[in-house]
Amino acid sequence: MTSPSAVSAVAPRDTGGPAVATVRRAPGVRMVDGSVLAVALVCAVVGALLPLRGSDSFTVAPVTGVGMAVLLVVLGQLARLRFRIGRGTVSVSWGEAAFILGFGIAPPGWLPAATFVGVTAAWAFLSWLNGQRAIADILRLSSSLTVGAAGATAVSYAITGPASSVGDLRTQLGLLAGAATYQVITLGLAVLALALRRDASAVQIAARAAHAKLPVFAGSVLVGISTLYLLVNAPVWLIALPVILWLLQRAYRHHLRAEEERRIWEAFARATRALGGATEQAVAEAGLHGALDVFEARRVELEVTLSLGPETGADRRYSADAEDVAPGATPGPVITRAMTVGGARVGDLTVWLAEPALPAAQDELAVSAFADALAGALHDAAARERLTLLDAKIAHDGAHDALTGLANRTALLNDGDKLVTSLHRERPVAVLLLDLNNFREVNGTLGYRAGDAVLRIVAERLGQLCREREIIARLGDDEFAVLLPTVAAVAGSATPLHDAPTSVPQALRRAREVIDAVSKPIDIDGVRLVIEVAVGVVVEKAGCAELGELIRRAGVALDQAKALHMAVAAYDSTRDATSTDHLSLPAELLDALTADDQLVLMLQPEVDLASGAPTGVEALIRWNHPRRGLLTPDSFVRTAENGGLLGPFTRYVLDRALRAAAGWAAAGLDVPVSVNVSSRSLLDPTFPAQVAEALRRHRMVPDRLVLEVTESLAVSNSGVVDEVLAGLRELGVQISVDDFGTGFSSLSFVTRVTVDELKVDRSFVQEMADSPSAAAIVRGAVELGARLGARVVAEGVETADQRAALLALGCTAAQGYHFSRPLPADKIIPALRQMADAAPPTIVPLRVDGAS
Ligand code: C2E
Ligand code: CA
Ligand code: CA
């Protein structure tokens, strides 16, 4: 009878531990198992029926022989060794020895049947011992060993022939070949079974199984042949057999364990090298996979109790299951080890072993060592994560308002400026500045906690309104800012990008949305509050905006809104009294007055409406500011008036205007120059003397100078003004009333003071066509001029229609872009000459003789 050494997957048992990921059996498994069983049964039956003769050397009754063969198979199986391959178990039994002995004792044809019965009996006994029910697994094992025995018998019998003696070489060779066949067939079938269950690759399993089995095979054959020899020739010595078997058994076990241990430590080294992750999650995953690999475990669980900081509250659990657990695997022990670093607890590592390969103590030792390595790695990762969190927190706190989580002023300035500079320079950007009107009351009556809650709610509501790329910030107590980088980019709108003014209404609309959202009632501690909010709005092209300045301007608008008790106001530069311009301009203007190239006079001709011949030239000041570019008089004349610079400024303008006029007079053009005089100059009693001095300097005839004065409420009734005007008239210079029609008391002024010219304000000229009252004022001015004997000059004539309308109204002279734009000094002489030449020669420039 034969009982071959076997490689097999062994019976399952539920550990009652966590569910093990079971692998669906490949469809081929069942088929293969069935075929092997069928072949085994056929071999057993056919073999038993074959009339094969047994050995001559040792004769017992055939029934006794078969019985002994069965017994040998049972013993060979019970004395098996088991070891792990993948997550399955391979057992190595004394099958070859049992086969060789059986071949010598029993009729060879019965060996397959004996093997089938023996293996089934042995494993049924073992299963019963372990309290398992695994009939399918037992049948699979016994059938594969039976097929092995059949093959082995066939090969041996073919070599040894019917009559054989243990003593002759041929018999020994035959037995050896049979044992080898047995080995090859059983190993092949076991590898096939394991590979089909995807325990590992077939080559890998075969290599490992062969490696483990080779010495076992050699020993088993040796034991088989020598036992048989002793049985035949010197049965007494069989007494020594148990001792030899026991020693061999020990040696094999040692060999297998050494193998397993080597594999474990190699895997251990690999796994610990992979533990250097940066985050707990990464380390935990590497640890789980490492443990599955090292212990060939079915499942690994990790519970991390280490705190990463105040935010990480609960313990974290990680687990992994082996994907390739053989359904027949005998579950090994469950080992739990605490992970500690320097006495500090990091967590627990639990490993569900697939099969005890090492003695329990050694498995535990390995798990402990792995737990230590994992603890260190987790601890490191936690430290790193804490540092990263801390870094992020520091960065966040530096840029955020602690109460609301919004950006703070610094962040708004940094991020906002970056955002604004990244935009096209023509794209309008807007800043909304919000202030809660009654916040102080909330704080005062409901306390700071309620105040904080209000601020958080406002921040939240702003956040809900915010669109992509917009930045919301809390700037101060109850002050919030919203940066809108895309005010003009409304989907579907054809608003041109550069048309900033069209984006002001849009920004105002957003402001109203904000107000609506923020002022919805808020319930705090049962008190229903309505937060009133005021918003200042500023819109500027991205290329011209520096965020700090935009916020300041939005603040000006906000103040304006509050002063007028309005909810929203847009920035208006003329109301910007706090503008830095106003702070720095006086000093800069003083520099400009001495610099020579910054303040320049532009010269705009006045013409006879009928002929187009020049009747005068108005000097208009410009400031070529080194930083701000070209400034028009509106933005700095008031600075000159208020900054104590009026004297030098007026002298400067007079000087330049008279120098220019002297130039064209020398060129033969008899045209007066008009200089705008600030009404404040009329309060300066020395003004006539300054004018006289300037005329003298440039050797100009006084009546070639026209001083344009704007009568204003402040100066109209002052004695000094009358005195100064009288002094000027005495000098012989002409007086013109500028912006006629806009003043409060134009009529009272002209009746009190003798004037040479009325300049009808351009607003009337421009509205004349549509507005009858504007036309009436122009007509009235013409009539008044005629009565006073003063020229009437219409300002701001831009079209031929306006020119014709003015002519029809009886107006004789005009000024405006229709005739000429203000020109630089070097262009004025050619322009005047051209105008004079183009005019019909009969018409001479109109001139009113003043009292001289
Ligand atoms: P203004 O005396 O009424 O000057 C006429 C303004 O109308 C000028 O603006 C001129 O460029 C502009 N203008 C001329 N033709 C047309 C036209 O066809 N259409 C339109 N829309 N505008 C036209 P500017 O140069 O900006 O001067 C603004 C004001 O500044 C002047 O108003 C004047 O009151 C004051 N100003 C200009 N130069 C001086 C100066 O040297 N000293 C003082 N104290 N004030 C000055
Ligand atoms: Ca003027
Ligand atoms: Ca004017």
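One-based numbering, in listed order, for ligands and for the atoms of each.
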- Task: Using a strict 4.0 Å cut-off to heavy atoms of Gln766, name the atoms of ligand 1 that fall inside it.
- Result: 19 (N), 21 (N)
- Per-atom contacts, ligand 1 versus Pro822 - under 4.0 Å to a heavy atom: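 Under 4.0 Å from Pro822, ligand 1 has these atoms: 11 (O).
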Could you tell me whether [X] approaches ligand 1 through its side chain, its backbone, both or neither, with non-hydrogen atoms closer than 4.0 Å?
| X | answer |
| --- | --- |
| Leu620 | both |
| Gln604 | side chain |
| Lys759 | neither |
| Val797 | backbone |
| His818 | neither |
| Leu601 | neither |

- Could you state the interatomic distance from CE (Met768) to CG (Leu806), rounded to the nearest 0.5 Å?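 One finds 4.0 Å between CE of Met768 and CG of Leu806.
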Between [X] and ligand 1, is there a nitrogen or oxygen pair with a distance under 3.5 Å?
| X | answer |
| --- | --- |
| Ile621 | yes |
| Glu795 | yes |
| Arg762 | yes |

- Message: So is Glu618 touching ligand 1 or not, going by heavy atoms under 4.0 Å?
- Response: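 The answer is yes, since Glu618 has a heavy atom less than 4.0 Å from ligand 1.
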- Restricting Asp738 to its N/O/S atoms, the closest one to the Ca ion (ligand 2) is OD2
- Message: Report whether any nitrogen, oxygen or sulfur of Asn676 sits less than 3.0 Å from the Ca ion (ligand 2) (N, O or S, backbone or side chain).
- Response: yes
